[in-house]
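What follows is a set of notes on a single structure, which appears directly below.
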Amino acid sequence: MKNLLDKKHKDLLTLKDYTKEEIENILKLAAEVKKDGKLYKDLLSGKSLAMLFDKHSTRTRLSFEVGISQLGGNSIYLDSKNLQINRGETLGDTAKVFSKYLDGVIIRTYSQKTVEVFAKESTIPVINGLTDLYHPCQILSDLFTIYELGLLKKDLKFTYVGDSNNVLNSLLIGFTMLGLNITVGCPEKCKPLKEVINYIKKQSEISGSNFKIVYDPLEAVADADIVYTDVWVSMGDKESAGKIKELKDFQINLKLLSYAKPDAKIMHCLPAHRGEEITSEAIDGSNSIVWVQAENRLHAQKALLVYLYSI
Ligand code: CP
Ligand code: NVA
């Protein structure tokens, strides 16, 4: 057990900071806590963690709040609009004060810089609960979902179709770190950020993973074992009719899925915009694993907390 808990990091701001081995250990811990929800039930006893959210949330907020409670801790939900940050108190000063009262903070915000500054100025663990750039907790959980299906292996054909956003950025990082192959199907105008591509190029040379970006949705999903998508307009994005038009051929529907393997699993981090990036037939169909995927947020969040707060 000890080797699963050996930790090198205080925070989780991006998956980039973790090693392959650390991520794999968190997945194993998630399997343990899923099997026995009472494991580590006193780990956070006497500890309080805040959740500082600038954006909406259902799964991230609930899975952390329930997870913290199941580990014996106390969670405090804070809407940043009601804090003095909203009246000009600096992030650094806020982080210093948080460090005096709390044992950790989960932040959902716009800029990645915000979580970085917070982590630098505080002495408590800072967890990125989604920024415009990354969503590492979601991807830890998604990797766990694939792991428990026994599909986390080199010959997995995993395809993400849709917009290049925080979820895709973290998927690309997670997959290439673990040496897994990933194909992205998107319109050329919506391709992933240069900084993410540069990072995963280097990473895949080290890990031996292959990543492909293709602009043809049929080619992207051909023979896929898993097809994943996310919303076309993320929180904080300016909705543009042009972008939605560009993306329309990348909708996950039964026709597109007929090009994937017959038993291809469908994943979506949720919330879904039914009729936009995915049809109801696809998300409610027998190959969809989105509800287990959502459930696993709880187990993966607990595993992350066990990893960060043990020792
Ligand atoms: N997938 C996800 O992060 O969901 P919420 O926005 O509801 O937290
Ligand atoms: N890309 C989406 C993910 C929501 C969990 C967003 O940022 O809104």
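Because only heavy atoms are used, hydrogens play no part in the values below, and waters and symmetry mates are left out as well, while side chains stay in. For this chain, numbers begin at 1 and follow the sequence in order. In this text, all values refer to a predicted model and were calculated from it rather than measured experimentally. Read the numbers this way: they start at 1 and go in the same order the structure lists the ligands and their atoms.
Cation-pi check for Lys47 over Tyr309 is not met; the charged atom does not lie both under 6.0 angstrom from the ring centroid and within 45 degrees of its normal. Remark: Arg61 qualifies as a cation-pi partner of Tyr77 under the 6.0 Å distance and 45° angle criteria applied to the six-membered ring.
Of the protein's non-hydrogen atoms, Arg108 NH1, 2.8 Å is the one closest to atom 6 (O) of ligand 1. In terms of protein heavy-atom proximity, atom 4 (O) of ligand 1 is nearest to Arg59 NE, 2.9 Å. In terms of protein heavy atoms, atom 4 (C) of ligand 2 is closest to Leu130 CD1, 3.9 Å. At the shortest separation from atom 7 (O) of ligand 1 among protein heavy atoms lies Thr58 N, 2.6 Å.
Numbered from 1 in the order shown, with element, the atoms of ligand 1 that lie under 4.0 Å from a heavy atom of Cys269 read 1 (N). Close approach of ligand 1 to His135 is summarised as follows: ligand atoms under 4.0 Å from at least one heavy atom of the residue are 2 (C), 3 (O). Listed by atom number, the atoms of ligand 1 under 4.0 Å from Gln138 heavy atoms are 1 (N), 2 (C), 3 (O). Atoms of ligand 2 lying under 4.0 Å from any heavy atom of Asn165, numbered from 1 in the order shown and given with element: 1 (N). Using a 4.0 Å cut-off to heavy atoms of Arg297, the atoms of ligand 1 that qualify are 1 (N), 2 (C), 3 (O).
Using a 4.0 Å cutoff on heavy atoms, Leu270 counts as a contact of ligand 2.
In terms of polar-atom proximity, defined here as any N/O pair under 3.5 Å, Arg108 makes no such contact with ligand 2. Residue Asn166 places at least one N or O, backbone or side chain, under 3.5 Å from an N or O of ligand 2. Looking at ligand 2, you'll find an N or O of Met235 within less than 3.5 Å of one of its N or O atoms.
Between Phe144 and His299, the two ring planes are perpendicular [angle over 60°; tilted spans 30° to 60°].
The proximity of Asp132 to ligand 2, defined as any non-hydrogen pair under 4.0 Å, does not occur for either the backbone or the side chain. Counting heavy atoms under 4.0 Å from ligand 1, residue Leu270 touches it through the backbone alone.
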One pair to check against side-chain contact (heavy atoms from CB on, under 4.5 Å): Leu140 and Leu15. What are the steps and the verdict? CA-CA 8 Å; Leu140 275 182; Leu15 291 175; 3.9 Å; yes
Criterion side-chain contact (heavy atoms from CB on, under 4.5 Å) on Leu29 and Tyr40, from CA distance to verdict: CA-CA 11 Å; Leu29 282 170; Tyr40 306 103; 3.7 Å; yes
Go through the steps to decide whether Phe98 and Phe118 satisfy the test ring pair (Phe, Tyr, Trp, His ring centres under 6.0 Å), and finish with yes or no. CA-CA 10 Å; Phe98 270 38; Phe118 217 95; 5.3 Å; yes
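When Val231, Val167, Asp230, Val233 are checked for heavy-atom proximity to atom 1 (N) of ligand 2, Asp230 turns out nearest. Here atom 6 (C) of ligand 2 lies nearest to Ser234 when heavy atoms of Gly129, Cys137, Ser234 are compared.
Salt-bridge check for Asp36 with Lys41: failed, with every basic side-chain N at 4.0 Å or more from each acidic carboxylate O. Using a cut-off of 4.0 Å between Lys/Arg side-chain N and Asp/Glu carboxylate O, Asp263 and Lys261 are scored as not salt-bridged.
No side-chain heavy atom of His135 sits under 4.5 Å from any side-chain heavy atom of Cys269. When side chains are defined from C-beta on, Leu12 counts as touching Leu304, because their heavy atoms get closer than 4.5 Å.
Tested against Asp163, the residues Lys243, Lys248, Lys189 include a single salt bridge (Lys or Arg N to Asp or Glu O under 4.0 Å) partner, Lys243.
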